[in-house]
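For reference, the structure discussed in these notes is given below.
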Number of protein chains: 2
Amino acid sequence: MPRPRSALLSVELIVNAALKLVDETGDFSFPRIARELGVSQSSLYNRIESREHIIELLRAQLFEEIPPQPVADQSWQDAARMLIRSYRDRFAQHPKLVPLLVTQTVHAPVVMGMYEDLALTLERSGLPTEDIGPAIASIDYFALGAALDATAPDEVWDPSPEQFPALRRATACSGTSAERVARAFNFGLDVLVAGIEMRAKQEIY
Amino acid sequence: MPRPRSALLSVELIVNAALKLVDETGDFSFPRIARELGVSQSSLYNRIESREHIIELLRAQLFEEIPPQPVADQSWQDAARMLIRSYRDRFAQHPKLVPLLVTQTVHAPVVMGMYEDLALTLERSGLPTEDIGPAIASIDYFALGAALDATAPDEVWDPSPEQFPALRRATACSGTSAERVARAFNFGLDVLVAGIEMRAKQEIY
DNA sequence: GGAAATAAATGAATATGATTCATTTTATGC
DNA sequence: GCATAAAATGAATCATATTCATTTATTTCC
């Protein structure tokens, strides 16, 4: 109950406990973090402000775990693919965290670095300046949606053939849920990059 | 307190009250629905099972509000664009509802019809069968991400020029948040359709 | 017409969760 | 040593989801 020799708590301990709970159960709560760390619930408030604060710390942690990769010595297509993939991979490290993050799409400083790399890469593609913002956003949307789908439970995607014959044909050869998401992600990535290439060549407008 | 002449409650009343609260405040709760309808909290459980149940009813409602549009008499490109746009427009009707829906990506029966239309349309594009599933998923990811971004608060997307020059250039000419999202959506839509077209022509692989 | 079943609404209770705050105790700077 | 800040706490508040036995009204069926 009194103040101990060395502090029992730290922001890092709290965030790690929260992340562990999220990975295991898909959510965290103050009582469970406190139990995990062997402290009282109210003690947590000496280090952090609120639940939202913990979520923002988790977001930062997710983007600090993987260092950005150098990208300048590749074709812009390969560079873009690598950047988008690494963006998605960060979410894939802690899939259950994604739903907690996306409900408030904050463009935190940690994400900005990757956006900057992407902007530089897209400038090399020859895309007109006014299209670079929309291109980054589109990529963001795609990666976010894919990350969200990756967290969805393994469901049987089995449309009844009578009602939805085309859907039935389309999903006939799907493996596990993870494989399906991975295939979709690879497909969308190629298609997006190819589409941007066309747009850059002004073959669509 | 006793049983009234005519029922005070119905599933529809509950769902409408929940939707109204979501539109106004971004969330709903049992106490507030009950207050809104002038009934007791526990009465709600005579009609609905749980909070999740209400969310699923809201999801269904969102997709029933807008009837599906006939699509067979257009080029597959225009048809695809229309389908994706209408998918997104449903979310735009009730933006604040989106975060509640995406946290559990369920492919409810209501969405299946649109998927079927999309599958039929993509078959007309000449895309190989095994790519149709991934194409639908990619489009889904993109539309979902865009819908989520549309709910984000109007933030000042103003990267400091020293740190992020390319990002600065890319976002120089942005208007309101809604305009930015709309531009990004239109761009991504064109790019996706163009990319799929290339893929169908087997010019990328 | 009346008994039995069912529908509707309720109050009270339980459990979990976020958050505040005054209090106690310990460390630390001067 | 003393003032002050740091650390942890218990207790309290408030909101929420959910359960359940109970009361009353309506319906059904003989």
Side-chain angles (χ1 to χ4, degrees), chain A residues 1-61 96-97 99-104 106, chain B residues 1-61 96-97 99-104 106:
Chain A
M1 308 133 178
R3 174 178 178 176
R5 309 293 170 97
S6 64
L8 301 178
L9 275 181
S10 70
V11 172
E12 204 185 345
L13 278 173
I14 294 175
V15 172
N16 287 344
L19 186 55
K20 187 181 162 204
L21 284 169
V22 168
D23 284 340
E24 286 169 358
T25 72
D27 203 358
F28 71 89
S29 75
F30 282 83
R32 273 182 295 201
I33 293 176
R35 217 177 309 143
E36 191 84 17
L37 299 178
V39 297
S40 164
Q41 202 180 144
S42 53
S43 309
L44 303 176
Y45 284 89
N46 293 321
R47 310 302 173 125
I48 51 93
E49 309 257 319
S50 64
R51 182 171 222 275
E52 289 303 315
H53 187 190
I54 294 185
I55 292 179
E56 286 318 304
L57 292 171
L58 288 171
R59 188 197 306 278
Q61 169 126 342
K96 300 209 174 126
L97 179 54
L100 296 182
L101 298 184
V102 294
T103 49
Q104 57 195 82
V106 173
Chain B
M1 307 136 176
R3 176 178 178 179
R5 309 291 171 98
S6 63
L8 302 178
L9 275 180
S10 71
V11 172
E12 203 185 345
L13 278 173
I14 295 175
V15 173
N16 287 344
L19 186 55
K20 186 181 161 204
L21 285 169
V22 168
D23 283 341
E24 285 168 358
T25 72
D27 202 359
F28 71 90
S29 75
F30 282 81
R32 274 181 297 200
I33 293 176
R35 219 177 307 142
E36 192 84 17
L37 298 178
V39 297
S40 163
Q41 203 180 145
S42 54
S43 308
L44 303 176
Y45 285 89
N46 292 322
R47 309 302 173 126
I48 51 91
E49 308 259 319
S50 63
R51 182 172 222 276
E52 289 302 316
H53 187 190
I54 294 185
I55 291 179
E56 286 318 305
L57 293 171
L58 288 172
R59 187 197 308 276
Q61 169 126 343
K96 299 209 174 126
L97 179 55
L100 296 181
L101 298 184
V102 294
T103 49
Q104 58 195 81
V106 172

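Below, read A as the first sequence line, B as the second, and so on, with proteins coming before strands; counting in each chain starts at 1.
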Starting at [atom1] of [X] and ending at [atom2] of [N], how long is that distance when rounded to a whole Å?
X: His53(B); N: dT19(D); atom1: NE2; atom2: P; answer: 14 Å
X: Glu49(B); N: dT18(D); atom1: CD; atom2: P; answer: 10 Å
X: Leu8(A); N: dT24(C); atom1: CG; atom2: C1'; answer: 15 Å
X: Ile48(B); N: dT18(D); atom1: CD1; atom2: P; answer: 8 Å

Tell me, please, which residues at least two apart from [X] pass side-chain hydrogen bond (donor to acceptor under 3.5 Å, both in side chains).
X: Lys96(B); result: none
X: Ser42(B); result: Ser40(B)
X: Ser10(B); result: none

Could you list all the salt bridge (charged side-chain N to carboxylate O under 4.0 Å, His left out) pairs where at least one residue sits in residues 39-50 of chain A, not counting sequence neighbours?
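Residue pairs passing salt bridge (charged side-chain N to carboxylate O under 4.0 Å, His left out), neighbours aside: none found.
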Within residues 6-18 of chain B or reaching into it, pairs that qualify as salt bridge (charged side-chain N to carboxylate O under 4.0 Å, His left out) - sequence neighbours excluded:
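Output for this query is empty, none listed.
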Which residues in residues 28-47 of chain A have at least one heavy atom lying under 4.0 Å from any atom of DNA chain D?
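Those residues whose heavy atoms fall under 4.0 Å from DNA chain D, taken from residues 28-47 of chain A in numerical order, are Val39(A), Ser40(A), Ser42(A), Ser43(A), Asn46(A), Arg47(A).
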With the threshold set at under 4.0 Å for non-hydrogen atoms, list the residues of residues 11-24 of chain A touching DNA chain D in residue-number order.
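Heavy-atom cutoff 4.0 Å gives no residues at all.
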Which residues satisfy the salt bridge (Lys or Arg N to Asp or Glu O under 4.0 Å) test with Glu36(A), sequence neighbours excluded?
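If we apply the salt bridge (Lys or Arg N to Asp or Glu O under 4.0 Å) test to Glu36(A), skipping adjacent residues, the hits are Lys20(A).
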Tabulate below the donor-acceptor pairs under 3.5 Å that side-chain atoms of residues 23-31 of chain A make, not counting sequence neighbours, or state none.
| from | atom 1 | to | atom 2 | distance (Å) |
| --- | --- | --- | --- | --- |
| Asp23(A) | OD1 | His94(A) | ND1 | 3.0 |
| Asp23(A) | OD2 | His94(A) | ND1 | 2.9 |
| Thr25(A) | OG1 | Leu21(A) | O | 2.8 |
| Thr25(A) | OG1 | Asp27(A) | N | 3.3 |
| Thr25(A) | OG1 | Asp27(A) | O | 2.9 |
| Asp27(A) | OD1 | Arg51(A) | NH2 | 2.8 |
| Ser29(A) | OG | Arg32(A) | N | 3.3 |
| Ser29(A) | OG | Arg32(A) | NE | 3.4 |

Before you tell me yes or no, could you show the steps for Val22(A) and Leu100(A) under side chain to side chain contact (heavy atoms under 4.5 Å, CB included), namely the whole-Å CA-CA distance, both residues' side-chain angles and the distance that decides it to 0.1 Å?
CA-CA 9 Å; Val22(A) 168; Leu100(A) 296 182; 3.8 Å; yes
Residue whose nearest DNA chain D nucleotide is more 5′ - Pro4(A) or Ser50(B)
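On the 5' side of the pair lies Pro4(A).
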